[in-house]
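In the text below, chain A, chain B and the rest are named by the order of the sequence lines, each starting its count at 1.
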Protein chains: 2
Amino acid sequence: MNKPLVPNEKKKQNWKQNPEAVKSDILRIATELFAANGLSGTRIDEIAARTETSKRMIYYYFGDKEGLYARVLEAAYAKVREGEKKLNLEGLTAADALAELVSFTFDHHRKSPEFIRMVMIENIHHAQYLKRSEVIRTVNVAAIDRLAEIIRRGEAEGAFRPGLDPVALHWQISALSFFNVSNRPTFSALFGPGLFGPEGQNALRGQAVDMILSHVKVNDP
Amino acid sequence: MNKPLVPNEKKKQNWKQNPEAVKSDILRIATELFAANGLSGTRIDEIAARTETSKRMIYYYFGDKEGLYARVLEAAYAKVREGEKKLNLEGLTAADALAELVSFTFDHHRKSPEFIRMVMIENIHHAQYLKRSEVIRTVNVAAIDRLAEIIRRGEAEGAFRPGLDPVALHWQISALSFFNVSNRPTFSALFGPGLFGPEGQNALRGQAVDMILSHVKVNDP
DNA sequence: AACACTTTTAACTGTTCAGTTAAATCGGGC
DNA sequence: GCCCGATTTAACTGAACAGTTAAAAGTGTT
């Protein structure tokens, strides 16, 4: 009854199978909608309607709603990791490398609002889906390793105070970069949009760099 | 058929009308559930079941689910404002006052996870309910005023660098305090619970104070 | 040409859930 | 004692929604 004798409308004749494309099409739309509406706020029927394929195929490939959500979460982390590979800190002093890392992280978060929203949603769910994913942990260990290396160099140079904790430092950089995106709606509603325009963001980025650097440097007056 | 001839079970005889108590009972349970499950994730039937009153009364007093959510959000902000009145910065230098403010804010956020979750949820919804509330804005203006006063004193003392923006400073203090609670689930799942135990939290609080202070102080090496 | 995997279609199931209805009773202020 | 607002109860409505079913036919591989 399908692929019918009447290939009217926009039904593609000479049609090719492409499971990967179908899956990634579903993931793309699902990411958009889960990030916009949360897990319970998203409708499978709406995902299906905006996909090139059908509701049936969502269940065929992803099992159920939670399975799809879990895959969306993993894909979001994977995509962000991919973007972080662009960062090159070779040949810089430890302080310059750290400044560049903070600045990059700040901007990278800004450019990934969908990812930020997925993490927010996952935090609302007490990270229960992230906890089950072995894929994701490795991504983030790399961030800590990179920081640990910078700290090691900074101590060797005598530029950084001793005893810095790379995980705490990552927490601080993340806090400043993440909050900037996650809490923009409420912050902007309460205090106006000034900090979120181009000048405001440049100022906040520079201040974040300054805060982190003055914290790790050795100078105690 | 009710208030029946048989006051068996725990039906309160000698029962008193008390609209305010009924409303605040509903708000208390609704806060707990909205904070736990979000707007679309919360069931009115579950709120009703855990209240001393009935589903009918929820609609009687709050109209609909969104009306109830909006009132819960306002109540959460009001309660947090109430807690902030405990902070006393009289007779301190600007630097000491700011240190105390950061430290207090960090701890105050930690003690208000329900409020934090409501703000997270509200950010997911692009602050659409907060925007409509005139009640809430005034709460937060006070925070800015308090900071502006500290900055003014710090500049007068010659202790702070000139040109500090109280809104940006509030953003920074909030980022460090808010992220600590909001992102604990994912951060802890990825990097372990170490930073969220008592020692870890003491360290993070101290480092937050240090970061803010070394950023506002005048010493440029 | 056989076989496994992929895709289409649309109706259907069963449940969950926000919001309603109705009639009755109760408390308290006037 | 009268009236109005507060409260109880439990069943009901109607829509939304996750997940299923079934039969058919396509693709790609060997």
Side-chain angles (χ1 to χ4, degrees), chain A residues 1-27 29-30 33-34 36-72 125 129, chain B residues 1-27 29-30 33-34 36-72 125 129:
Chain A
M1 212 179 299
N2 40 2
K3 303 299 158 342
L5 313 145
V6 195
N8 53 2
E9 312 215 322
K10 58 223 167 201
K11 288 291 97 178
K12 39 209 152 179
Q13 52 222 52
N14 300 339
W15 152 84
K16 297 280 177 198
Q17 278 193 185
N18 197 345
E20 294 311 313
V22 169
K23 283 190 243 181
S24 80
D25 183 34
I26 293 171
L27 277 180
I29 304 290
L33 290 174
F34 277 129
N37 308 316
L39 178 50
S40 53
T42 295
R43 307 289 147 234
I44 293 284
D45 284 308
E46 192 186 351
I47 296 173
R50 300 188 33 191
T51 303
E52 309 240 325
T53 180
S54 65
K55 183 176 178 178
R56 185 65 188 83
M57 293 308 284
I58 295 173
Y59 287 96
Y60 184 69
Y61 281 122
F62 298 96
D64 59 11
K65 193 185 189 183
E66 298 198 351
L68 177 57
Y69 172 85
R71 295 289 304 276
V72 163
H125 296 179
Y129 299 93
Chain B
M1 210 181 298
N2 40 4
K3 301 300 158 345
L5 313 145
V6 194
N8 54 3
E9 311 212 325
K10 57 228 168 197
K11 289 290 96 177
K12 40 212 151 174
Q13 57 221 56
N14 301 339
W15 153 84
K16 298 281 178 197
Q17 279 192 186
N18 196 344
E20 293 312 312
V22 168
K23 283 191 242 181
S24 81
D25 182 34
I26 293 172
L27 276 180
I29 304 291
L33 290 174
F34 277 128
N37 307 317
L39 178 50
S40 55
T42 295
R43 306 290 147 234
I44 293 284
D45 284 308
E46 193 186 349
I47 295 173
R50 297 188 35 190
T51 303
E52 309 240 326
T53 182
S54 66
K55 183 177 177 178
R56 186 64 190 81
M57 293 309 283
I58 296 173
Y59 287 96
Y60 185 68
Y61 281 123
F62 297 96
D64 60 10
K65 194 185 187 181
E66 297 198 350
L68 177 57
Y69 172 86
R71 296 289 303 275
V72 163
H125 295 179
Y129 299 94

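Atoms CD1 and CG, from B/Ile47 and B/Asp25 in turn, are 11.0 Å apart once rounded to the nearest 0.5 Å. Taken from CG in A/Asn37 to OG1 in A/Thr42, the straight-line distance is 4.5 Å, to the nearest 0.5 Å. Atoms NE2 and CG, on B/His125 and B/Leu39 in that order, are 5.0 Å from each other to the nearest 0.5 Å. Distance OG1/A/Thr53 to NZ/A/Lys23: 12.5 Å, rounded to 0.5 Å.
Not one side-chain nitrogen or oxygen of A/Ser54 sits closer than 4.0 Å to the OP1 or OP2 atom of C/dT7. Contact annotation: B/Tyr60 does not reach the phosphate of D/dT8 (side-chain N/O to OP1 or OP2, under 4.0 Å). OP1 or OP2 of D/dT8 sits under 4.0 Å from a side-chain N or O of B/Thr53. Between B/Tyr59 and C/dT21, a side-chain N or O to OP1/OP2 separation shorter than 4.0 Å is absent.
Between A/Leu39 atom CG and D/dC17 atom P there is a gap of 14 Å when expressed in whole angstrom units. Rounded to an integer number of Å, the gap from CD of A/Glu66 to C1' of D/dA18 is 11 Å. Here the P atom of nucleotide D/dG5 and the NZ atom of B/Lys23 are 13 Å apart, to the nearest Å. C/dC5 atom P lies 15 Å from atom CD of A/Glu20, rounded to whole Å. Taking atom OH of B/Tyr61 as the reference point, atom C1' of D/dT7 lies 8 Å away to the nearest angstrom. Atom CG of B/Asp64 is separated from atom P of C/dT20 by 8 Å (rounded to the nearest Å). As a whole-Å value, the separation of A/Leu33 CG from D/dC17 P is 12 Å. Nucleotide D/dT7 holds its P atom 13 Å from the CD1 atom of B/Ile58, rounded to whole Å.
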Which protein N or O atoms sit under 3.5 Å from an N or O of nucleotides 14-17 of chain C?
| residue | atom | partner | partner atom | Å |
| --- | --- | --- | --- | --- |
| C/dC17 | OP1 | B/Arg43 | NE | 2.5 |
| C/dC17 | O5' | B/Arg43 | NE | 3.3 |

Mind listing the N/O atom pairs, protein and nucleotides 10-15 of chain D, below 3.5 Å?
none

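The residue B/Phe62 sits apart from the nucleic acid: no heavy atom pair falls under 4.0 Å.
Annotation: side-chain hydrogen bond (donor to acceptor under 3.5 Å, both in side chains) contacts of B/Ser54 (sequence neighbours excluded): none. Residues satisfying the side chain to side chain contact (heavy atoms under 4.5 Å, CB included) criterion with A/Asp45, sequence neighbours excluded, are A/Lys55.
Residue pairs meeting the side-chain hydrogen bond (donor to acceptor under 3.5 Å, both in side chains) criterion with at least one partner in residues 56-67 of chain A, sequence neighbours excluded, are A/Glu66-A/Tyr129.
Axis deviation across the helix from C/dA1-D/dT30 to C/dC30-D/dG1 amounts to 20°, comparing end segments of five pairs, rounded to 10 degrees.
Contact of the A/Arg50 side chain with the A/Leu33 side chain is registered, since non-hydrogen atoms from C-beta on lie closer than 4.5 Å.
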